[in-house]
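Only one structure is covered here, and it is reproduced in the block below.
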Amino acid sequence: MKQQSCSLFLTCMCALATVQSLSQAPGYNYVKEIVIQETRIPDGPNLSNFPFLFQVTDPDLRLAAHGGHVENGNGYDIQFYLNPCDTKLDHQLEYYDPVTGQVSAWVRIPLLPTSVDLSIFLYYGNDTVSVSGSVSSVWDADYSGVWHFSDDPSGTAPQILDGTAGSHHGTANGGMNGASLVNGIAGRALQFDEINDYIRVPDFLYGQELTVSFWFNVSEVNGNAYQYLFSHGTWATQNSLNVYIGENAITTPGETHNHGMLKTVFRDSNDANNFDTLNAGNTYVDGNWHYYTVRIQDFGGASVYVDGNLIVQYVVWGANTFNPATDLFFGGREDLHAGRFYGGRLDEIRVSTAWRTSNWIRTEYNNQSDPATFFFLGPEGPSAGFCYPLPLRITGFSANRNGTAVLLNWFIDSAPDTTTFYIERRTGPDGPWHEIGHISGKHQFKDPSPGHTDLFYRIRYWQGVVSYISETRKVNNIKSKSVIRIYPTALRQGECYAEFPGEEIPLRASLLDASGKLIGPLGMQPAGGKMLIRFPVSPQVTGLYFIRFDFEKYSKTEKILIQ
């Protein structure tokens, strides 16, 4: 099971004796912590050089003239750091709105862990910055082309810029103009008119492994042919990759199953025609954004993912060289057939000469489809002195049911009485976190009526401008019909019996005090159809206590009186 990190516990490891060596971003007045949530990253290997989408609309990130703290009208003084002290991260600013504070930026994370939260830091507010800090090294050597589609297609050709070092820029054709720029999945996107709009990129691709991905949004396919989203290489010949959607009025015999069908036809230097093996379904013509990925393996096999999920795969295609003879076409087929243009939106087309893992693809989808749940953005603070050690941390944390309530207790190594702790809860392992209360000067919180479902709790607190997050604690679903019988319920000696009608045997038993604080484990021993519970840990005082029984999928507590 994955564990949450005690984010941040980055104290920047800068010894007081070497404060002069700190290299926090000079001249930047403000900083915020960005906590990437590990629960939104599937289990699997850590992800190297992952392009993380940071996308928010934040009043603090408005231009200073509009009430925010960014000083450059293009957002050039927005920077990202791996920790509060040093290690500037490569980023590419795709979109910035100085009036609203909307920021869309891609940040290269050298190593994105899949089992713990990761904190990076956003710096801004530097009136000396006048040039862009965006760099193509956001995209490592495995990326051979990345097109954000945030460029004005009515500008000087080639208008559609490639974000990688390869500079494979595209030229807008047809009737595309400034009005073709629309809201996208990241910043802006391009709308294609299904008449003659397309983007043409000079041919550059050669290899065996290949991953192509993009976002598409289409609301109707009312014609009697096909709409091409991506085309490289002459359709139905070797060395070609074509992605298209069947229209609803196709009358060709044997083709009616392709109404609204998202189709992929790939052929390397050795593959034969097979037009239906990578059909991905006909449920995507709905006016919503969908994330398409096709993955070609150098040892054979082609797979299509939609919205991060594997939809269809074919083990025969692939394994030979792939070297199309045509240019790349986005929104039309390579021969510019009049009945093959696309009528919808496209955004973020990427071509990689690498075979991306399934957890990489799913993480891309989770990050880009819903940035608000993929990371947490902390409060604004002054950057001055941000690198100094911060000693406060939570050293223990428990969450246990007490009847219909849940009691939370935590311990700290040191803290002033004024520290405020914010309690956050979510339902289910992937639900959004919600703050349910806060408390100052105490290390206990009662959630009175959270319900009977599986619940998850964590504690967030700030010291200076750094937000810390505790580990997550799960409280399992109450099985309301199950009954645990304990006798005697009033003890003078250190043992009692428990029966579990209709229950599985618990994994463990623990003793809690009246406030729900864990005292210690209890021994369990089968005894003629019931369970003998022993108390090796003697309470200091008599009174009301609880026994918590932990089953495989839930926990229950029962009262016990020690006299």
Side-chain angles (χ1 to χ4, degrees), residues 147 149 170 173-174 189-201 205 210-252 254-268 271 273-296 302-307 311-312 314 317 322 324 326-351:
W147 299 269
F149 284 11
N173 294 271
L190 285 177
Q191 174 75 45
F192 294 76
D193 66 0
E194 200 180 341
I195 300 173
N196 58 4
D197 286 351
Y198 67 98
I199 306 297
R200 184 171 190 155
V201 177
L205 189 59
L210 183 67
T211 303
V212 174
S213 62
F214 53 80
W215 286 88
F216 70 96
N217 183 327
V218 58
S219 58
E220 60 82 17
V221 283
N222 293 329
N224 59 7
Y226 295 92
Q227 296 186 26
Y228 275 66
L229 294 82
F230 181 98
S231 179
H232 192 198
T234 304
W235 175 79
T237 66
Q238 291 177 345
N239 290 301
S240 63
L241 171 62
N242 286 270
V243 183
Y244 51 100
I245 298 177
E247 296 184 316
N248 290 333
I250 296 174
T251 57
T252 304
E255 288 286 296
T256 56
H257 68 287
N258 285 321
H259 292 173
M261 181 66 70
L262 178 60
K263 299 179 68 66
T264 303
V265 177
F266 170 81
R267 295 183 61 189
D268 64 19
D271 291 327
N273 288 337
N274 199 328
F275 301 123
D276 292 333
T277 55
L278 289 179
N279 285 356
N282 55 4
T283 60
Y284 309 114
V285 184
D286 56 7
N288 297 313
W289 284 104
H290 296 284
Y291 188 51
Y292 169 91
T293 305
V294 60
R295 186 177 70 176
I296 313 298
S303 307
V304 171
Y305 291 74
V306 181
D307 295 338
I311 302 300
V312 62
Y314 185 53
W317 284 348
F322 179 69
T326 74
D327 293 340
L328 285 78
F329 294 79
F330 308 149
R333 199 167 76 177
E334 52 78 27
D335 61 354
L336 301 181
H337 189 291
R340 301 297 186 269
F341 287 103
Y342 173 60
R345 299 182 182 188
L346 288 177
D347 201 4
E348 293 298 329
I349 292 186
R350 300 181 185 178
V351 176

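Excluded from the calculations below are hydrogen atoms, water molecules and symmetry mates; all remaining heavy atoms, backbone and side chain alike, are included. Quantities reported herein were computed from a predicted structural model and do not represent experimental measurements.
No donor-acceptor contact under 3.5 angstrom links the side chains of Arg340 and Tyr244, judged on distance only. Checking Asp307 against His290 by side-chain atom types alone, a donor-acceptor pair falls below 3.5 Å. If you check the side chains of Thr264 and Tyr292, you find a donor sitting under 3.5 Å from an acceptor.
Contact annotation: the side chain of Phe214 never approaches that of Asp347 to less than 4.5 Å [non-hydrogen atoms, C-beta and beyond]. In this structure the side chain of Tyr291 reaches within 4.5 angstrom of the side chain of Ser213, judged on heavy atoms. Contact annotation: the side chain of Asn173 never approaches that of Asn196 to less than 4.5 Å [non-hydrogen atoms, C-beta and beyond]. Using a 4.5 Å heavy-atom threshold, the side chains of Tyr342 and Asp197 count as separate. A heavy-atom distance below 4.5 Å is not found between the side chains of Ile349 and Ile199. The side-chain heavy atoms of Val351 and His232, taken from C-beta on, include no pair separated by under 4.5 Å. Side-chain contact between Phe275 and Asn258: absent, with no pair of heavy atoms (C-beta onward) separated by less than 4.5 Å. Put simply, the side chain of Tyr284 does not reach to within 4.5 Å of the side chain of Ile245, judged on heavy atoms.
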Inset, instruction - Begin with the C-alpha distance, continue with both residues' side-chain angles, and end with the deciding distance and a verdict on side-chain contact (heavy atoms from CB on, under 4.5 Å) for Leu262 and Val243. - result: CA-CA 7 Å; Leu262 178 60; Val243 183; 4.1 Å; yes

Inset, instruction - Could you walk me through whether Trp235 and Asp335 pass the side-chain contact (heavy atoms from CB on, under 4.5 Å) test, one step at a time? - result: CA-CA 9 Å; Trp235 175 79; Asp335 61 354; over 6 Å; no

Legend entry - His259/Ile250 under side-chain contact (heavy atoms from CB on, under 4.5 Å): CA gap, chis, key distance, verdict: CA-CA 7 Å; His259 292 173; Ile250 296 174; 3.8 Å; yes

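Scanning both residues, Thr293 and Thr211, for their nearest heavy atoms gives CG2-CG2, 3.7 Å. Across every non-hydrogen atom of Ser231 and Gly332, the tightest pair is CB-O, 3.5 Å. What you find for Phe322 and Asp268 is that their closest heavy atoms are CD1-CA, 4.1 Å. In terms of heavy-atom proximity, Val294 sits nearest to Val304 at CG2-CG2, 4.2 Å. Taking each heavy atom of Ala249 and Asn222 in turn, the nearest pair found is CB-O, 4.2 Å. Nearest heavy atom pair, residue Gly339 against residue Ala225, reads O-CB, 3.4 Å.
Between atom CD1 of residue Ile311 and atom OH of residue Tyr305 there is a gap of 10.0 Å, rounded to the nearest 0.5 Å. Here the CZ-CD distance, from Phe149 to Gln191, works out to 12.0 Å after rounding to the nearest 0.5 Å. How far CZ of Phe341 is from CG of Leu229: 13.0 Å, rounded to the nearest 0.5 Å. Note that CG of Leu205 is 5.5 Å distant from CG of Leu210, once rounded to the nearest 0.5 Å. Considering CH2 of Trp289 and CG of Asn217, their distance stands at 5.0 Å, rounded to 0.5 Å.
For Gln227, the side chain to side chain donor-acceptor pair (under 3.5 Å) partners at least two apart in sequence or on another chain are Glu194, Glu247. With sequence neighbours excluded, the residues satisfying ring-ring contact (aromatic ring centres under 6.0 Å, His included) with Phe330 are Trp147, Phe230. Every residue meeting the side chain to side chain donor-acceptor pair (under 3.5 Å) condition with Tyr226, not counting sequence neighbours, appears here in chain and number order: Glu255. For Asp271, the salt bridge (Lys or Arg N to Asp or Glu O under 4.0 Å) criterion is met by no residue, not counting sequence neighbours.
Remark: the backbone N or O of Thr234 is not paired with any side-chain donor or acceptor of Thr326 at under 3.5 angstrom.
Sorted pairs that involve residues 220-231 and meet salt bridge (Lys or Arg N to Asp or Glu O under 4.0 Å), not counting sequence neighbours, are lacking altogether. For residues 273-283, the pairs satisfying salt bridge (Lys or Arg N to Asp or Glu O under 4.0 Å) are Lys263-Asp276, with sequence neighbours left out.
Judged by a 6.0 Å distance limit and a 45° cone about the ring axis, Arg333 is positioned over the six-membered ring of Tyr228.
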